[in-house]
Amino acid sequence: MPTIVLGGSAGSHVGYELSRILGASYYDVEVREFPDGELYVRIPVDVSGADVVYVNSLAKRPNDLLVETFLTLRTLEDLGARTIRSVLAYIPYARQDARFNPGEAVSALVISELLKSFKVDRVYTFDLHLHRFRDPRQLFGDSLVNLTAIRDLARYLSEHHKLGECVVVGPDEESEQWARVASEELGGAPYTIMEKRRISATDVLVEPRDPELVRGRAAVLVDDIISTGGTIVETVRALRNLGVGDVYVAATHAILAHGAYNRLVKLELRDLVASDTVLSPISRVHVAPIVARHILGQERR
Ligand code: R5P
């Protein structure tokens, strides 16, 4: 049975590339907005009995993209797709993973419950923000495959720069997982993480945990998300105060909200790179081959 790859309105760049690698046919899901703001979704091909891979990325317009994804997944089931795999390159609402103040919604739980309610054989995502929920299966069950783009981003930096004596830095506690992966890819470079305290949605305070390790070295700063850029700006400031040399920044999801790109450019970094889970001016690493490797590896088993 041939595989059909379908791209949602923020997933066609990854979906199309994935279809080329898999030798599958590709179609854009038809998505339109009604005058009242509601969404219209139509699957433009017969999927009955087919193996379907639906690709989207739910950043920047998370609410519309979630509804678009819900409508698409349910329709694929209604239309009799034999198997449904979904690549949700960026899953939103993961950072509100606790009730920090009385009365708040624990959005990560609510959104994962909704996504889990659709019949999907496998969900692939990238570097899901995991802080208080350490294991993605706590949120999404066994069907979720949490891939990483950090290894490919670190490789990109090592192939394009002479990194020399560098240290890998994560800006906060949960970034240790990504700092470890980048360090492995960079031949076992030392890594450390910073202490970050969030003051508001846009302001953070960052302090070094291990000042001696970073002094005088080049720093490769890795994180899952760049949203407002506040975390990167404050971390670079703290690192420079400690006397680091060149600074390279790599993040999986370049959301770049609220003029973040302009703020980051002014930091005069040696390089600033992200994957294309969210298309941006710094998206240099493609994630479609990573998904394809996983899908093909699974099929061979
Ligand atoms: C949060 O803990 C994440 O890992 C990122 O560090 C954070 O989301 C980045 O956000 P911003 O760019 O707004 O500081």
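All ligand and atom numbering here is 1-based and tracks the order in the structure.
A salt bridge links D97 to R132: one of the charged nitrogens lies within less than 4.0 Å of a carboxylate oxygen.
Under the 30°/60° scheme for interplanar angles, the aromatic rings of Y156 and H160 are found to lie parallel.
A side-chain donor-acceptor contact under 3.5 Å links W178 and D127. In the model, R263 has no side-chain atom that pairs as donor or acceptor with a side-chain atom of T228 under 3.5 Å.
Judged by the 6.0 Å distance and 45° axis criteria, R20 is positioned over the aromatic ring of Y16.
Remark: Y124 pairs with H294 by the ring-ring contact (aromatic ring centres under 6.0 Å, His included) rule, at least two apart or across chains.
Residues of the protein with a heavy atom under 4.0 Å from ligand 1 are R95, H129, D172, E174, K196, R198, D223, D224, I225, I226, S227, T228, G229, G230, T231, listed by chain and number.
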